[in-house]
Engineer: 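Can you read through this structure? Questions will come right after.
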Amino acid sequence: MNDNAIFGWRSEYPSMHKKLDHSFYQNTDVVEVARHLLGKYLVTDFGGQYCSGVITEVEAYRAPNDKACHAYNNRRTKRTEIMFWPGGVAYVYLCYGIHHLFNVVTGDADMAHAVLIRAVEAQEGLDIMEDRRGVSAQKPQLSAGPGVMSKAMGITTAWTGQSLVEADSPIWIEDRGQVVKEESIGESTRIGVDYAEECALWPWRFFLKESKWVSRFKPPKLKPKMH
DNA sequence: CACGGGATCGTCT
DNA sequence: GACGATCCCGTGT
């Protein structure tokens, strides 16, 4: 089994693996959930293609007043409807016609909150992930960035609405017992939401400072105010 | 290393 | 018809 570069222990103790349940996802503070997701294990098992990775980077999105959130103003469309479901399902959408971005829906029903999973450090099923990406598992390029993370884990928009807590779900998240200290969490503004005006300045991106598996930060370019 | 542009298509106006 | 919660590659320094 792989050494864990961040926490310095091995992930071969199944008794410590605890699948996150409704009570975790239905926390109504999406920023807190986002921070708590750091260090957890994202696992997918599509037709026996088992792989996992430690979550190293996330962003919180929170309707109704977050202009960067697809459900801003509680706007309901066929696509965003998933975000209004009770916490514990996947919200996956296509970005730039190419990338499948994976989010975890949180909070109660009719609360359109979600956490975008932006990066993982691969732990198990490295060969599968390398095949999907055509990139060595030694390189952050494998899974640092929301589009490539989804590709490495095999997640596509076909899975939007999928429960993360049902016993037979092929996607879930586990707590494997490690503690992430507050001082090891970095924060910044969210990436790629320059259009969101003042919300583009909210520090709702969180990452593990020690990790190499974190996407490069791009500061927001704010549009000059006309007057 | 910084920057710029093209790819590519579902979603919403 | 416009525009992305991105990525990759090419150019120039």
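All chains are named by letter (A, B, ...) in the order of the sequence lines, taking the proteins before the strands, and each is independently numbered beginning at 1.
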Engineer: Taking atom P of C:dG4 as reference, at what distance in whole Å does atom NZ of A:Lys67 sit?
Structural biologist: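 For the pair A:Lys67 NZ and C:dG4 P, the rounded distance is 15 Å.
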
Engineer: Output yes when at least one side-chain N/O atom of A:Tyr195 is less than 4.0 Å from OP1 or OP2 of C:dA5, else no.
Structural biologist: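 Yes.
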
Engineer: Are A:Tyr93 and A:Val148 linked, directly or through intermediate hydrophobic residues, by side-chain heavy-atom contacts shorter than 4.5 Å (ILVMFWY only)?
Structural biologist: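 No.
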
Engineer: When you group the ILVMFWY residues by side-chain heavy-atom contacts below 4.5 Å and let the links chain together, are A:Phe84 and A:Tyr72 in the same group?
Structural biologist: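 Unlinked, A:Tyr72 and A:Phe84 end up in two clusters.
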
Engineer: Establish, for the pair A:Arg190 and A:Tyr61, whether the NZ or CZ atom is under 6.0 angstrom from the six-membered ring centre and no further than 45 degrees off its axis.
Structural biologist: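 Output yes; distance and angle both within limits.
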
Engineer: Side chain of A:Thr77: nearest nucleotide among C:dA5, B:dT11, C:dC8?
Structural biologist: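 Selected nucleotide: B:dT11.
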
Engineer: Taking any heavy-atom pair under 4.0 Å as a contact, classify A:Arg75: base, sugar-phosphate, or nothing.
Structural biologist: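 Answer is sugar-phosphate: A:Arg75 comes under 4.0 Å of backbone atoms only.
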
Engineer: Send over the distance from A:Lys139 NZ to C:dC8 P, rounded to a whole Å.
Structural biologist: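 These atoms are roughly 11 Å apart.
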
Engineer: Is there a side-chain polar atom (N or O) of A:His99 under 4.0 Å from OP1 or OP2 of C:dA5?
Structural biologist: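 For C:dA5, neither OP1 nor OP2 has a side-chain N or O of A:His99 closer than 4.0 Å.
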
Engineer: Run the ring-ring contact (aromatic ring centres under 6.0 Å, His included) test on A:Trp159 and A:Phe46 for me, step by step, so that the C-alpha distance in whole Å, both residues' side-chain angles and the decisive distance to 0.1 Å come before the verdict.
Structural biologist: CA-CA 11 Å; A:Trp159 295 102; A:Phe46 301 118; 5.0 Å; yes

Engineer: Round to the nearest Å and state the distance from A:Asp194 atom CG to C:dC3 atom P.
Structural biologist: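 Those two atoms, CG and P, are 14 Å apart.
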
Engineer: Name the nucleic acid region contacted by A:Leu101, choosing base, sugar-phosphate or nothing; use a 4.0 angstrom heavy-atom cut-off, strictly under.
Structural biologist: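 The answer is sugar-phosphate, as A:Leu101 gets under 4.0 Å only of primed atoms, P, OP1 or OP2.
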
Engineer: Figure out the NE2/P separation between A:His113 and C:dA5, and round it to whole Å.
Structural biologist: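 One finds 18 Å between P of C:dA5 and NE2 of A:His113, rounded.
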
Engineer: Tell me which nucleotide among B:dC12, C:dC8, C:dA5 gets nearest to the side chain of A:Val193.
Structural biologist: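 So the side chain of A:Val193 is nearest to C:dA5.
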
Engineer: Under 3.5 Å, is there a donor-acceptor pair between the side chain of A:Gln178 and the main chain of A:Gly39?
Structural biologist: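 Confirmed, A:Gln178 side chain pairs with A:Gly39 backbone.
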
Engineer: With respect to the side chain of A:Val148, which nucleotide from C:dA5, C:dG4, C:dC7 is positioned closest?
Structural biologist: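 Given the options C:dA5, C:dG4, C:dC7, the side chain of A:Val148 is closest to C:dC7.
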
Engineer: Using a 4.0 Å heavy-atom cut-off across all strands, classify A:Leu94 as base, sugar-phosphate, or nothing.
Structural biologist: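 If one applies the 4.0 Å heavy-atom cut-off, A:Leu94 turns out to touch the sugar-phosphate alone, with no base involved.
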
Engineer: Taking atom P of C:dT6 as reference, at what distance in whole Å does atom CZ of A:Phe102 sit?
Structural biologist: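 The distance from CZ of A:Phe102 to P of C:dT6 comes to 16 Å, rounded to the nearest Å.
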
Engineer: Determine: side-chain N/O of A:Arg79 to OP1/OP2 of C:dG4, distance under 4.0 Å, yes or no.
Structural biologist: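 It does not, given that no N or O in the side chain of A:Arg79 lies less than 4.0 Å from OP1 or OP2 of C:dG4.
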
Engineer: On DNA chain C, does the nearest nucleotide to A:Val135 precede the nearest nucleotide to A:Asn103 from the 5' side, or the other way round? Give the residue.
Structural biologist: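 Closer to the 5' end of DNA chain C: A:Asn103.
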
Engineer: Please state how far atom CD1 in A:Ile98 lies from atom C1' in C:dC3, giving the value in whole angstrom units.
Structural biologist: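 Checked: the CD1 to C1' distance equals 13 Å.
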
Engineer: Just how far, in rounded Å, is P of B:dG10 from OH of A:Tyr93?
Structural biologist: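 Rounded to whole Å, this separation is 15 Å.
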
Engineer: For A:Gln141 and C:dC8, give me the distance from atom CD to atom C1', rounded to whole Å.
Structural biologist: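 Atom-to-atom, A:Gln141 to C:dC8, this comes out as 9 Å.
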
Engineer: Applying a 3.5 Å limit to both distances, which nucleotide forms a Watson-Crick or G-U wobble pair with C:dA5?
Structural biologist: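 When the pairing criteria are applied, nothing turns out to pair with C:dA5, so the answer is none.
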
Engineer: Within the side chain of A:Ser211, is there an N or O that forms a donor-acceptor pair under 3.5 Å with the backbone of A:Phe207?
Structural biologist: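 Flag not set: sc A:Ser211 to bb A:Phe207 has no pair under 3.5 Å.
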
Engineer: Would you please determine if the base of C:dA5 is stacked by A:Tyr61, with stacking meaning a centroid separation under 5.5 angstrom and planes under 30 degrees?
Structural biologist: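 According to the criterion (under 5.5 Å, under 30°), yes, A:Tyr61 stacks.
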
Engineer: Under 4.0 Å between a side-chain N or O of A:Arg216 and OP1 or OP2 of C:dC7?
Structural biologist: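 For A:Arg216, the contact criterion (side-chain N or O under 4.0 Å from OP1 or OP2 of C:dC7) is not met.
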
